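The next block holds one structure in the form of structure tokens; read it before the comments.
Heavy atoms only: backbone and side chains are in, while hydrogens, waters and symmetry mates are out. Predicted model only: the values in this text are computed from it and were never measured.
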Amino acid sequence: MNTSIRWLALPVAAIVAGSFCACSEDTFESIPPDISIYESDPSTEMQKLDFGSVPERIPFRKTFFVRNKIEHAMDLTFSLSLLDTSGKPASGNTVTFSPAEGIVKGGEAIPVTATFTPPAAQQYTFKMHVETNARTTSKKKFDIPVAGSGMTPKIVIEIDGDVPEDPVLDFGDVYVYSSLPKEATVRNDGTGTLTISSVSASNTEGAFQILDPPLPTAENPIKIEPKKSVLFTVTFSPVAVQAYKGTFTLNNDDATNRAASIEVLGNGVPTPVNGPPVANVVCPEGGIMLPVPGEVELDGTGSTDKDGDILTYKWSLKENMAPEGSDYCFDCNRGQLTHHKESNKDKPKFFGDLVGDYTVQLIVNDGHNHDSDPPAECVIHGYAAQQLHIELLWDNPVTDVDLHLVNFSDGIVFNPAETGGLFTCPCDCNTNRNRNPDWGLRIPYVAGCTNPNGNACDLECSPTFDQSCKIDPNDPATARNPDCYKGGDRCVLTCEPDAADQFLEDAQDDNPKLDIDDTKGYGPENINIVKPSEGLYRIFVHYFDDYGTGNTGSTVRLYINGKTKPEWKFGPKVLSNGGQLWEVALVQWPADDNDDAIVTAVDAVRDASPVIGATCRLPTDGGTDDAAADAAADSGADAGTPDAEVPDAGTADAGAAD
């Protein structure tokens with residue numbers, strides 16, 4: 001029996017017809033190899049070999065695979081060559097293959113490296129011609145398109161806005177163990193992406209470091225697109241007193257400058273010993289003249305530090321270098337004065353509350369535990385700028401003592417008469433009830449402004465008003481208007497003084513003003529008149545409340561015609577309990593400025609309480625109002641003014657702190 005046997009090297013499904021040979025009664029059939037060319041996925045045939053954009057004259061490599069698709073079959077032979085677009089062999093070495101030919105065993109694949117080296121910045125198109133011994137005609141000879149373009153990156157190094165031929169970063173002198181940064185800009189002025197593959201350093205001794213960007217590696221090179229740049233930050237940190245010199249080389253794909261270099265220079269110099277700063281206060285020769293109470297801006301901006309350190313400031317009053325009884329301090333809450341919270345400023349404000357000399361001092365610190373030594377100092381001479389200036393002090397830290405100045409001039413009518421003007425409105429300038437009454441020449445107001453109280457009572461004295469302010473004094477509707485209040489519960493008109501009136505300044509200067517009112521012990525308090533009108537003035541001290549502590553010793557200082565030292569000093573006078581009244585002195589002010597004021601000490605203590613409903617009537621024109629005086633004398637009350645209709649709310653002194 002004649003039997004034919006097939007010898008299959010692969011599964012039946014993979015067998016195709018081929019050459020055969022017959023041996024004896026058996027038949028054997030071999031299956032030729034077949035070819036597959038791919039880049040990464042064996043199941044996907046490579047349709048095109050595309051190199052993309054490659055720097056000019058820089059070799060760029062891509063790897064693909066040649067595979068024998070038939071297992072256990074004959075070896076596959078192949079050869080690769082480069083053709084131009086016309087099908088002729090391409091000249092030059094623009095694209096090369098390694099290996100260009102080879103043998104592939106059945107079921108295996110071998111890698112082939114294609115190298116593209118563009119000689120110029122232009123587009124390139126080729127064909128990779130493949131010849132094999134594959135079993136199918138289509139795989140015996142075929143072409144795969146090859147494309148790529150040459151580009152030209154160009155590295156440019158810019159330092160401080162210039163592009164030197166030999167870039168140098170010169171750090172100059174740097175203190176040992178300190179650090180100084182400098183920058184260099186690396187720019188790509190070419191047409192293709194610039195790739196910096198690595199940065200090498202030579203002779204830098206570790207003193208020079210590139211902080212930014214991160215140094216490039218083969219896996220993560222620095223790429224700079226055309227017309228873009230990267231900022232390189234280099235630091236110099238010397239560790240010895242010596243000269244340093246080194247080089248950083250930027251290895252890149254610019255064919256004209258593949259090893260671009262930056263030279264780095266610097267000198268390590270000894271670190272100086274940090275010295276203390278010097279404080280300086282701008283202070284005129286002889287000191288600063290300050291009308292009190294008042295404030296002045298101090299200036300410490302002239303303070304210096306030779307090491308260039310940033311300074312901090314600390315202002316203070318020199319110990320025991322302020323007027324006796326002064327309540328002022330920097331950055332504190334003592335008393336009720338203008339205590340500025342700015343002792344750490346270079347230009348703080350200072351407030352003078354009493355006549356006398358203050359010595360302020362400034363200490364600056366450089367941040368290295370170095371204070372200026374000695375402190376800078378400046379003397380501030382507080383003086384009484386007003387013609388009549390009265391100061392009150394006392395020695396008990398918790399009691400409340402009030403200063404009063406009563407107008408006792410001719411033509412003034414008190415109601416009831418026996419009050420003597422004390423606790424009346426507007427004749428008694430005191431506390432927060434009547435701090436700034438209108439005495440002497442009446443204040444002129446803008447046309448059309450009607451005083452609801454007439455001219456008989458001070459416009460700022462709430463005891464003569466109904467505890468509400470009229471938004472429009474001519475409108476009968478009343479309402480609480482916060483803009484009416486200057487302080488406490490004093491009520492004022494909304495109409496303004498007539499700034500165009502030639503007598504306005506005189507009308508304001510003859511009014512007393514309680515500038516400082518202290519309710520927390522010690523004082524000071526003061527009442528001042530810039531230019532008093534002719535008349536008689538009475539100075540009182542009222543022990544408002546002892547808060548259960550008993551005695552307090554009070555002192556009054558009186559200054560006439562602007563002085564730096566008191567012409568009169570009264571006390572200390574011991575008051576034993578709240579409610580006592582000390583009549584200190586009388587001041588007769590002359591009509592002629594060339595005449596002297598006459599001061600008469602009274603020094604009388606008695607018990608006194610505010611009189612409910614006490615009022616007074618001032619002359620309407622600053623002189624004697626005989627008609628009003630006669631009417632009040634006949635009736636026993638000032639019935640001709642609204643003062644008689646409204647109780648004197650100033651009696652609240654007896655029950656509330658002022």
Side-chain angles (χ1 to χ4, degrees), residues 39 48-63 85 92-96 113-126 145-172 179-202 204 208-236 246-266:
E39 287 192 77
K48 183 179 182 180
L49 179 58
D50 191 349
F51 289 94
S53 296
V54 176
E56 177 186 354
R57 290 178 286 181
I58 300 295
F60 183 78
R61 297 173 178 82
K62 292 195 74 170
T63 299
T85 54
N93 296 315
T94 306
V95 179
T96 59
T113 299
T115 302
F116 174 44
T117 309
Q122 66 180 55
Q123 294 288 333
Y124 293 90
T125 303
F126 303 102
V146 178
S149 61
M151 61 181 182
T152 307
K154 182 173 181 57
I155 188 169
V156 174
I157 299 175
E158 178 182 309
I159 295 176
D160 295 331
D162 296 327
V163 182
E165 183 176 352
D166 298 310
V168 177
L169 282 177
D170 191 346
F171 291 83
S179 183
L180 179 68
K182 277 188 173 292
E183 296 175 339
T185 299
V186 178
R187 192 174 70 233
N188 180 7
D189 281 359
T191 58
T193 301
L194 174 69
T195 300
I196 300 175
S197 57
S198 64
V199 176
S200 55
S202 61
T204 58
F208 300 97
Q209 299 286 336
I210 295 178
L211 291 186
D212 194 62
L215 293 178
T217 63
E219 295 77 15
N220 294 294
I222 296 174
K223 292 185 175 293
I224 306 176
E225 298 300 320
K227 310 308 177 187
K228 301 293 183 180
S229 62
V230 171
L231 191 66
F232 278 69
T233 302
V234 183
T235 61
F236 175 43
T247 303
F248 287 107
T249 301
L250 281 59
N251 303 302
N252 66 92
D253 55 4
D254 179 355
T256 63
N257 190 10
R258 295 197 179 180
S261 63
I262 303 174
E263 188 176 21
V264 285
L265 304 173

Report task. Could you walk me through whether V264 and K182 pass the side-chain contact (heavy atoms from CB on, under 4.5 Å) test, one step at a time? Result -> CA-CA 10 Å; V264 285; K182 277 188 173 292; over 6 Å; no
Requested in this report: Answer with yes or no whether the side chains of T152 and E56 bring together a donor and an acceptor at under 3.5 Å.
Outcome: yes
Query raised in the report: Can you tell me how far CG of D212 sits from CG of L215, rounded to the nearest 0.5 angstrom?
Result: 10.0 Å
Report summary line: d(N257 CG, I155 CD1) to nearest 0.5 Å is 6.5 Å
Query raised in the report: Would you find a donor on one side and an acceptor on the other, under 3.5 Å apart, between the side chain of D162 and the backbone of P164?
Result: no
**Report entry** Member of T115, T117, T96 meeting the side chain to side chain contact (heavy atoms under 4.5 Å, CB included) criterion with R61
**Finding:** T115
Query raised in the report: If you take all heavy atoms of S198 and P216, which pair is closest and at what distance?
Result: CA-CG, 3.6 Å
Report task. Hey, could you give me the CG/OG distance between L250 and S197, rounded to the nearest 0.5 Å? Result -> 9.5 Å
Report summary line: Here the pair of heavy atoms bringing F236 nearest to F208 is CD1-CE2, 3.4 Å
Report summary line: d(Q209 CD, T233 OG1) to nearest 0.5 Å is 13.0 Å
Report task. List for me each residue that meets ring pair (Phe, Tyr, Trp, His ring centres under 6.0 Å) alongside Y124, sequence neighbours excluded, and say none if there are none. Result -> F116
Query raised in the report: Sequence neighbours excluded, which residues qualify as salt bridge (Lys or Arg N to Asp or Glu O under 4.0 Å) partners of D189?
Result: R187
Query - K48 to A147 - nearest heavy-atom pair and separation - result: CE-CB, 3.6 Å
Report task. Answer yes or no: is there a side-chain heavy-atom contact under 4.5 Å between P213 and I222? Result -> yes
Report task. Using a 4.5 Å cut-off on heavy atoms from C-beta on, say whether the side chain of T235 contacts that of P181. Result -> yes
Query - Test side chain to side chain contact (heavy atoms under 4.5 Å, CB included) applied to F232 and L169, I262, V186, T185, the passing residue - result: V186
Query raised in the report: Does R258 offer a backbone N or O that forms a donor-acceptor pair with the side chain of N252 under 3.5 Å?
Result: yes
Query raised in the report: Once you round to the nearest 0.5 Å, how far does CG of D254 lie from CD1 of I224?
Result: 11.0 Å
Query raised in the report: More than 12 non-hydrogen atoms from neighbouring residues, nucleotides or ligands closer than 6.0 Å to CG on D50, yes or no?
Result: yes
Requested in this report: Take D253 and K223, measure what side-chain contact (heavy atoms from CB on, under 4.5 Å) needs, and give me the verdict at the end.
Outcome: CA-CA 10 Å; D253 55 4; K223 292 185 175 293; over 6 Å; no
Report task. Spell out, as yes or no, whether a donor-acceptor pair under 3.5 Å connects the side chain of N188 to the backbone of K154. Result -> yes
Query raised in the report: Can T193 and S53 be said to form a side-chain contact (heavy atoms from CB on, under 4.5 Å), step by step?
Result: CA-CA 9 Å; T193 301; S53 296; over 6 Å; no
Query - Mutual orientation of the aromatic rings belonging to F51 and F60 [parallel < 30°, tilted 30-60°, perpendicular > 60°] - result: perpendicular
**Report entry** By salt bridge (Lys or Arg N to Asp or Glu O under 4.0 Å) - contacts of E263 (at least two apart)
**Finding:** K245
Query raised in the report: Would T249 and S261 count as having a side-chain donor-acceptor pair, cut-off 3.5 Å?
Result: no
Query raised in the report: So, do T195 and P153 sit near enough that their side-chain heavy atoms are less than 4.5 Å apart?
Result: no
**Report entry** Shortest non-hydrogen separation from P226 to G190 and the atoms involved
**Finding:** CB-O, 3.3 Å
